[in-house]
Amino acid sequence: MADKLTAVKGMNDILPPESARWEALETQVREVMRLHAYRNIRTPIVEPTALFVRGLGEVTDIVEKEMYSFEDRLNGEQLTLRPESTAGVVRAVVEHNMLYEGGKRLYYMGPMFRHERPQRGRYRQFHQIGAEALGFGGPEVDAELILLACALWKAIGLQDVRLELNSLGQPPERLQHRAALITYFEQHAEQLDEDAKRRLHTNPLRILDSKNPAMKALNEAAPKLLDFLGADSLAHFNAVRAILDANGVAYSINPRLVRGMDYYNLTVFEFITERLGSQGTVCGGGRYDYLIGEIGGKHAPAVGWALGVERVLELLKEQGNAVVDVAPDAYAIVPDAASLPSVTPVLQTLRGMGISVQMHAPANSMEGMGSMKSQFKKADASGACHALIFGPDELSSNQVTVKALRDGEGAQQTLSLDQITDWGHRLQSAL
Ligand code: ATP
Ligand code: MG
């Protein structure tokens, strides 16, 4: 046998039955998005590297050390596996002039790639679901997006997430705060770690985003951006808060919440849990009014969030939410392969009615379909509620025997193949 190949470190296979959790989440997301009038967008997984360098900012964890970048071997183009999707969505919106007729509300789901140290809740290929509202400048859409996230938590039964909120103000306010921050950190230069020293003059705000516990006390006492906000920024912040309050959404204000990307302004927020250790942020977002211009579009405001699918599912699991049952409704027992031409159309008819049917199939067809006993064993293991027995006696008289495997176990009836649709309808209405 050849050497075994394994998945790339930090990149996971999502297997059944676990994949059922993913599908259930995706179904609920589609419904919640529909209810809030957000429409699906799908952008490529590979984008020009420049999109992220320009969009996310050069002095960010992602651009400095987490991107999977490579050169196209034919034309030398610099390309990157997307580490997040907002930049790609903005590129697509600009490229297709989508804001021509007014704002757009969009959502996406898909894999993202970051070269990080793999650990619980932190992978190299992970998945995000995101919502973006582009071309809307008012606080009501910031609030709408937060309410949308809360509606999703409710739909999927996620508990124990709290909301943290902050405002990063506008560029001139950030400049003033930046000057105050530099002065402050310079006064405490001996307490700065390597990352902070490097960022002191390039991006001091980012120092507040540090995950180094040794920096915590210093960061907590640093000048707060909220104290530098002007009247307009404060009004925007308060309007978001008023809508959240009116909707009974609890939150706390965290003046050190700055988020990992440079593109944010005004409202930023995170949904956090204490139940997943240090990888506790399940969803983060905020307003990014300057990104569209940065990427070459005509200036337009925007706001959005992204959630980490693995972390959300991990939290649901932690809460004890059961994985959805995906057993088939019926298992077809077929003693003789020669009967398959008459059996398979019946199975297709049932499937066409919405009844899920698993057909018995042997590992090695040279050895036949296997004994009735072994087929019944498989039927039981499949979790199906009914066995459909297409034995020689049944088939010679155009019949099938339906045997209950769970409720009313053992009960069986022999039906003509014409009646199987009636049985199917009765089952359907009972499901
Ligand atoms: P963190 O601070 O945990 O590194 P981040 O600020 O880099 O998160 P964002 O870029 O805001 O994360 O991405 C939004 C969400 O995507 C995060 O809140 C998290 O749930 C998820 N996420 C980010 N990076 C990873 C990863 N490497 N593996 C799994 N999920 C991730
Ligand atoms: Mg990160």
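Just so it is clear, the values below take in all heavy atoms, side chains as well, and ignore hydrogens, waters and symmetry mates. Atoms within a ligand are numbered from 1 in the order they appear, just like the ligands themselves.
- At least one side-chain heavy atom of L347 sits less than 4.5 Å from a side-chain heavy atom of F390.
- When only non-hydrogen protein atoms are considered, atom 22 (N) of ligand 1 lies nearest to F126 CE1, 3.5 Å.
- Within the 4.0 Å heavy-atom criterion, the part of R259 lying near ligand 1 is the side chain and not the backbone.
- Evaluated for a salt bridge (Lys or Arg N to Asp or Glu O under 4.0 Å) with R199, the options D193, D61, D209 yield exactly one hit, D61.
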- Task: Carefully, step by step, assess Q170 and Y290 under the rule side-chain hydrogen bond (donor to acceptor under 3.5 Å, both in side chains).
- Result: CA-CA 10 Å; Q170 297 290 14; Y290 303 96; 2.8 Å; yes
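- At least one cation-pi condition fails for R124 and Y68: the charged atom is not both under 6.0 angstrom from the six-membered ring centre and inside a 45 degree cone around its axis.
- Of all atoms in ligand 1, numbered sequentially from 1 with element shown, those under 4.0 Å from a heavy atom of A306 are 14 (C), 15 (C).
- Of all protein heavy atoms, the one lying nearest to atom 13 (O) of ligand 1 is Q128 NE2, 2.9 Å.
- Taking atom 7 (O) of ligand 1 as the reference point, the nearest protein heavy-atom neighbour is R114 NH1, 2.9 Å.
- Taking a 6.0 Å sphere around CG of D232, one finds it holds 12 or fewer heavy atoms contributed by other residues, nucleotides or ligands.
- Between the side chain of Q375 and the backbone N or O of V334 there is at least one donor-acceptor pair closer than 3.5 Å.
- Considering backbone and side-chain atoms alike, E270 places every N or O at 3.5 Å or more from each N or O of ligand 1.
- The ligand atoms of ligand 1 that sit less than 4.0 angstrom from a heavy atom of C283 are 18 (O).
- The CG atom of N219 sits 8.5 Å away from the CG atom of L181 when rounded to the nearest 0.5 Å.
- Taking the six-membered ring for Trp and the full ring otherwise, the centers of W153 and F271 sit less than 6.0 Å from each other.
- Heavy atoms of E84 found under 4.0 angstrom from ligand 1: none, in either backbone or side chain.
- For V282, every heavy-atom contact with ligand 1 shorter than 4.0 Å involves the backbone, none the side chain.
- Closest to atom 21 (C) of ligand 1 among all protein heavy atoms lies G308 CA, 3.6 Å.
- Among all protein heavy atoms, the one lying closest to atom 28 (N) of ligand 1 is Y123 N, 2.9 Å.
- For atom 8 (O) of ligand 1, the nearest protein heavy atom (residue, atom name, distance) is R311 NH1, 4.4 Å.
- Of all protein heavy atoms, the one lying nearest to atom 29 (C) of ligand 1 is G121 O, 3.2 Å.
- For ligand 1, the polar-atom distance check against E116 finds a nitrogen or oxygen pair separated by under 3.5 Å.
- R174 is listed as a side-chain neighbour of L225, based on a closest heavy-atom distance under 4.5 Å.
- Nearest approach of E132 to Y38, heavy atoms of both residues: O-CE2, 3.9 Å.
- A ring-centre distance under 6.0 Å is not found for Y107 and H36.
- Distances from ligand 1 to the non-hydrogen atoms of R122 include at least one value under 4.0 Å.
- For the ligand labelled ligand 1, residue Q279 lies outside the 4.0 Å heavy-atom shell.
- The proximity of K211 to ligand 1, defined as any non-hydrogen pair under 4.0 Å, is limited to the side chain.
- The protein non-hydrogen atom at the shortest distance from atom 17 (C) of ligand 1 is T281 O, 3.8 Å.
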